[in-house]
Every structure is written in C-alpha cells, then in structure tokens.
Amino acid sequence: MGKKLYITTAIPYVNGTPHIGHALGYLLADIWARYQKQNGKEVRFQVGTDEHGNKIAAKAAELGMTPKDYTDKMYGNFEMMMKKIGAQYTDFIRTTEPHHEGAVQYIWQKLQPYIYKGSYEGWYCVGHEAFFTDKEVEATGGICEDHQKPYERVSEENYYLKTSAFTDQIREAITTGHMEIVPEFRKNEFLELIKDGLQDVSISRPRKNLSWGIPVPGDPDQVMYVWLDALSNYITVLGYPDRAGWEEYWPADVQVIGKDILRFHAGIWPAMLLGLELPLPKKLMVHGFINVGGVKQSKSLGNGVDPNQIIDEYGVDAFRYFFSRHIPTLDDGDFTWEKFENAYNNELGNDLGNLVSRVASMVSRYQSGVIGDAPKGDHDMKPYYDAMHDLKFNVAMEEIWDSVRGLNKYIEMVKPWEIAKRREADPEAEAHLGEVLNQSVGTLLQVAEQLTPLLPSTAESIKRIFASGVIVPIETVGGLFPKVYLHSEDPRAPKTASAPEK
RNA sequence: CGCGGGGUGGAGCAGUCUGGUCAGCUCGGAUGGCUCAUAACCAUCAGGUCGUAGGUUCGAAUCCUACCCCCGCAACCA
C-alpha cells in the first residue's frame, strides 16, 4: 500500500458564498485523491473553512448575530458545495473548533523563539477600524471616502513572526525541489519575489481592533491575526499536536492553492513549519483563476457564475468535465455558457454518450446483449498516466478523448452493421463481428477506467452497462449526457426564418 | 528599464526548452459518405507571411537582438 497520502485545499473565508474558484480547488484535489485511491493508496483529503477575523465579526453584527452563529450558518454553504462537486474529502476543519484553537495556541508558544514584539505604524481610519496603505491614502488625498474623515497616523503594538530567519532554508527547499511548486513559472515568480529575503510578518492585533480571533497566549491584549490561525489548519486537522496519527500523513503530498495565496503558502507557512521543526509540504499545486468571457469575475460586476446552477442544470460530471478539461489545470481559464454547452453537447453527448449508446445497441441487436470476452483496451496508457502524474488533468482528458474518437473511427472503418448482414452467407462473419464488438467494449471499459477519477459517475455508468457480461440498458443507468440547450439555440430546432408558430 | 504570462487559419488552443519529420488539434463553415447510434458518427475541403523588424543557420513558429500590443501580479477576493 505504501505511504499514506495527504492532500489539502485552501480554506475559504466564510463571509461570502462559494463560487467557481472555490469549486475548482475542491475539484482538482478530489481528482488527485480519487486517482491515488484508484491506484491503491490510502488518501486523506482535507477541506475546511476560515472563520475568524474582523470582516466576519462585522458581518455578523450587521445581521444582529454573534460571530459564532453567523459562521455556523455560513460554513454549510461550503460544505454543500464540496459535496455537490463530489469531493470525497475525509476531514472538514473549521478554525473555530476548540481543538484547532487550542492547537494554534500551542503552536504560538512553540514558535516563541521566532516571535517578537514590534510596532506597526500606518494610516488608520477610525470608521473602518483598519489600516490603509500609503498608496490608497495618497489616492484619496488623505481622506477616507467612506467616512469623510482624514486618515490618522497611528502606531500599534503587534507580534511579529521572524520569517526572515528562514529565507535561505525556504529558498533552498524550493530550488532543490524539496518543496516543489508547480507550475514552474509560479516557482520562478515566487523566487523572484523573495530575492531580497522574506519580510517578517505581523501575526497579531490589539484586541481593541480585532476581537473575533484566537487569543494570544500570555497577552490578554492581543489576538492572533489570520496567519497562524488559518495556515495551521493543515496540521491541526490531522490532530497535531496532541492526537495520535498525524505524523502518518504530514508532510502533505500536495497542497492545492490559488495563485493569489501562493506567497503565503510558500513563505509564511514553511517558515512556521520550520519553526515547529516539521517537514515542509512536498508540493504546492497552484491553479489559476477562472474568467467569464475573458473578464475577471467580481462582485461589483455581478458576472460571477454559480457552480450550483451548472451542476443543477447539467449534472456534476458535466461540471467536472468542463473544469478539468477546458480550464488548464495550472493556469487561468475562461468560462462562458456557450463554451460549456458546446463541450457538453459535442464532447460528452456526441463523442462519448453516443459512442456508448451505439456500442451497447449493436451488442444488443446482434448478440442479444451478450458480451464476449472483452480484450483489454489497447490504447497506450502512458501519456495518460504521465499527465495525471504531472497534475495536468486537462491533458489526461485529451488523451481519453483520443481513445473515444479513435473508437468511433474504428467502428466506422470496420462497419459492424455490414458484417452482421453477411452472417447468413459467410460463416466467419459471426466470429468476426464478435471480435469487433468485444474490442469496442474493451476500449470503452478502458476509457471508464481512465475516467474514474475525473468523471466518477460516468465511469461507473459505463462499467455497469458493459462489465457484467450482458448489456444493461442505458436507460437504467440514467442515460449519458442527453442533449441540453438551455443557454444556446438548439440546432435541431426546425429552421423557421421568421414564422413563429402560434 | 518592477515581476510574470501571452500574441499561431473565424473562435479556443498545442507545438517553442531538445531548430528540419510542424504548420497541428478542437469548435464553427462547406461538401460527400454511412445508417449501429443521442438529427449522431466518418471522410475531404476551405488556406494562417506562426505580433513587427532585423540577425544566426544549409534550414526557424522553434535560437539571438530590438520594438509593438494584450493580460495578470505588485493589497487576506480561488
């Protein structure tokens, strides 16, 4: 069985609703986890929510709720999203759990040698209860637009984590690949960023400015800021430090993160681990952002796409298909309903769904549904394995479709329906037909095998139809990607130039 | 000269590290074929000076130089 594997996802801040970006992270992690499990590994797969901080406290207050009640209500949205995507996670952590809070305080204490008190000076807005950067202050002429008050020069006491002390070790780990960052251009980007060294990071706030958070041990006036609290989740969820078993899983094999949080996961987080004398994660898998029609999604534009809608309208595998194949796994991608529907109807419906249907139909029609010994598919699996190994799921999907298209061509070439007609006259035709159909079934079963981590329920359906020796009618497994035209015109509709039927 | 990514037929992309076998794939379009199938599938065609200008080379989308344009990042939105 080998070493037990561990994969993590970023824990989203729960003051909003889940969007495609979150969904993408879960999906990528789930594909990896399922792939490993398919290959006999034992996998632990963490997800969770980040629930502390001012924004949450403020939002809760706005709604007349306690922060705890608010997060209790909000985290469920994310849990639902994960389930809906089919993410087979093993652990769900909330940063407000007592065990986590206690563990983080332990971590703080253990990091004492690297924590020092310093003061931070900056532009503060009383209305926001927050600091603003020089640039922002300059841009507004020194007056907060929201509150019509001048920013004040304020200094406050904070604790700092001496991440700078670990610069060399971290750089070394990255360049040697002990902590791999994929894709490579992200690695280079980060190395460039820290060429002058890591900067120490502020890890606490005065209680008066941040009430909803984990108290700093031994200093009642200070509360922990996001870093130690949130990043620690990757180990506290395993039981660190007091519950047995976490060592079997740490270091993580893969940590899935978005490109925006690479700097924290490649800088602050490793510094924490080094301070705790724990090994660094083996790999940071950095995915990109999903644009909509080439435009960045944003709340102000209101152009966000709801993953729930996609799944409700087309099914979870259609969702998994588009986002694993048409969004480059390690780079930015683009979503439009037109692209999505196109991929659904052409690739899932016409290429794969129809192929399954035609093979099943021929076996039923020519062999009364009886399947002979299907030989193993003979498509070269190496490119697929390589792609999965390199975390290029979109490339793996291309490989699978190569098989699908290949089988359609093969069928077209050998024309089983013509062989069937010759059976009366030609005694060899019967056997030949059997070979052809068995070959086809074998290829489909191989496709199903490859699809297992990517489109689990589709893979399951294909196996159910063909694996038992007798064809199981497609209808009984729910059909494979029937045509759907919700967001574009149905090309099969009668072409009425201008005559609406009444 | 802040850092990074990219500019390839109507659209979306691969190929660039390891120069020639690269001008390729999918969608869209046209024509034809087939009838097992989800009005599907298969074949063929339409031609893009591979951002621009130089250079290296027997030969460059692929290497070098300069320039133009687009997009991210530079701030706790994945």
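Predicted model, so just to flag it, every value in this text is computed and none were measured. Just so we're on the same page: letters track the sequence lines, and every chain starts at 1.
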Which side-chain N or O atoms in residues 324-331 of chain A pair as donor and acceptor under 3.5 Å with protein atoms at least two apart or in another chain?
{"unit_1": "S324(A)", "atom_1": "OG", "unit_2": "R320(A)", "atom_2": "O", "d": "2.5"}
{"unit_1": "S324(A)", "atom_1": "OG", "unit_2": "Y321(A)", "atom_2": "O", "d": "3.3"}
{"unit_1": "R325(A)", "atom_1": "NH1", "unit_2": "Y321(A)", "atom_2": "OH", "d": "2.6"}
{"unit_1": "R325(A)", "atom_1": "NH2", "unit_2": "E398(A)", "atom_2": "OE1", "d": "2.9"}
{"unit_1": "H326(A)", "atom_1": "NE2", "unit_2": "E347(A)", "atom_2": "OE1", "d": "2.8"}
{"unit_1": "T329(A)", "atom_1": "OG1", "unit_2": "F393(A)", "atom_2": "N", "d": "3.0"}
{"unit_1": "T329(A)", "atom_1": "OG1", "unit_2": "N394(A)", "atom_2": "N", "d": "3.2"}
{"unit_1": "T329(A)", "atom_1": "OG1", "unit_2": "N394(A)", "atom_2": "OD1", "d": "3.1"}

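The stretch residues 391-416 of chain A touches RNA chain B through R405(A), N408(A), K409(A), E412(A), each having a heavy atom under 4.0 angstrom from the strand.
Here the side chains of S204(A) and W108(A) are in contact, with some heavy-atom distance below 4.5 Å. Side-chain atoms of T96(A) and T49(A), non-hydrogen and from C-beta on, never get closer than 4.5 Å to each other.
Separating the CD atom of E184(A) from the C1' atom of rG4(B) is a distance of 13 Å, rounded to the nearest angstrom. Summarising the geometry, the separation between CD1 on I11(A) and P on rC77(B) is reported as 14 Å, rounded to the nearest angstrom. Atom P of nucleotide rU26(B) and atom CZ of F322(A) are separated by 18 Å, given to the nearest angstrom. In this structure, CG of N346(A) is placed 17 Å from P of rU38(B), rounded to the nearest angstrom. The CD1-P distance, from I261(A) to rG72(B), rounds to 20 Å in whole Å. N354(A) places its CG atom 16 Å from the P atom of rU35(B), with the value rounded to the nearest Å. We find that CG of D334(A) is positioned 9 Å from P of rG12(B), with the value rounded to whole Å. Remark: P of rA78(B) and CE of M81(A) are 14 Å apart, rounded to the nearest angstrom.
Between K421(A) and E418(A), no side-chain nitrogen of the basic residue sits less than 4.0 Å from a carboxylate oxygen of the acidic one, so the salt-bridge criterion is not met. Using a 4.0 Å cut-off between charged side-chain N and carboxylate O, E460(A) and R464(A) make no salt bridge. Under the 4.0 Å criterion applied to side-chain N and carboxylate O atoms, K392(A) and D386(A) are not assigned as salt-bridge partners. Between E430(A) and R422(A) there is no salt bridge, since no side-chain N of the basic residue sits under 4.0 Å from a carboxylate O of the acidic one.
Comparing the same atom, C1', in rG48(B) and in rA23(B) gives a spacing of 9 Å after rounding to whole Å. To the nearest whole angstrom, the two P atoms, one in rG29(B) and one in rA66(B), are 45 Å apart. rG47(B) and rA30(B) have their C1' atoms separated by 14 Å, with the value rounded to a whole Å. Nucleotides rG54(B) and rC68(B) have their C1' atoms positioned 15 Å apart, rounded to a whole Å. Comparing the C1' positions of rC13(B) and rG28(B) gives an interatomic distance of 14 Å, to the nearest angstrom. Comparing the P positions of rG5(B) and rC17(B) gives a spacing of 16 Å, expressed to the nearest Å. Across the C1' atoms, rA78(B) and rU52(B) are found 37 Å apart, a figure rounded to whole Å. rG51(B) and rG7(B) are spaced 5 Å apart, taking the C1' atom of each and rounding to whole Å.
Residue contacts shown for S361(A) are limited to sugar-phosphate atoms, with no base heavy atom under 4.0 Å away. G353(A) comes within 4.0 angstrom of a nucleotide base, judged by non-hydrogen atoms across all strands. Across all strands, D332(A) comes closer than 4.0 Å to no nucleic acid atom at all (heavy-atom distances). Note on H19(A): a base of the nucleic acid sits closer than 4.0 angstrom, heavy atoms only. Contacts of G53(A) with the nucleic acid, taken as non-hydrogen atoms under 4.0 Å apart, are absent. Within 4.0 Å (heavy atoms only), G258(A) reaches sugar-phosphate atoms of the nucleic acid but no base atom. Nucleic acid contact for I290(A): base, since at least one base atom lies under 4.0 Å from a heavy atom of the residue. Among the protein residues, F481(A) comes within range of the nucleic acid bases, having at least one heavy atom under 4.0 Å from a base atom.
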For RNA chain B, the expected dot-bracket line (Watson-Crick or G-U under 3.5 Å, [ ] crossing, | inter-strand) is .(((((((.[[[[.)....(...]]]].(((((.......))))).....[[[[[..)....]]]]])))))).....

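Look at N350(A) and you'll find a side-chain N or O under 4.0 angstrom from OP1 or OP2 of rC41(B). For the pair N342(A) and rA11(B), the criterion of a side-chain N or O lying under 4.0 Å from OP1 or OP2 is not met. OP1 or OP2 of rA78(B) sits under 4.0 Å from a side-chain N or O of H22(A).
N350(A) and N354(A) form no side-chain donor-acceptor contact under 3.5 Å, judged by distance and modelled atom types alone. Side-chain atoms of Q309(A) and E313(A) include a donor-acceptor pair closer than 3.5 Å.
Aromatic ring centres of F92(A) and Y75(A): separated by under 6.0 Å. Annotation: Y366(A) is not in aromatic contact with W417(A) [ring centroid separation under 6.0 Å not met].
Along RNA chain B, the nucleotide closest to D351(A) and the one closest to H287(A) are compared, and the more 5′ of them pairs with D351(A). Nearest-nucleotide assignment on RNA chain B puts the 5′-proximal partner with R325(A), out of R325(A) and V356(A).
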Please walk me through it: do F190(A) and H265(A) pass ring pair (Phe, Tyr, Trp, His ring centres under 6.0 Å)?
CA-CA 11 Å; F190(A) 184 74; H265(A) 285 76; over 10 Å; no

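Comparing rU38(B), rG12(B), rC3(B) by their nearest atom to the side chain of E192(A) picks out rC3(B). Closest approach to the L480(A) side chain among rU38(B), rU35(B), rA74(B) is made by rU38(B) (side chain taken as heavy atoms from C-beta onward). With rG4(B), rU38(B), rU35(B) as the choices, the nucleotide that has an atom nearest any side-chain atom of E189(A) turns out to be rG4(B).
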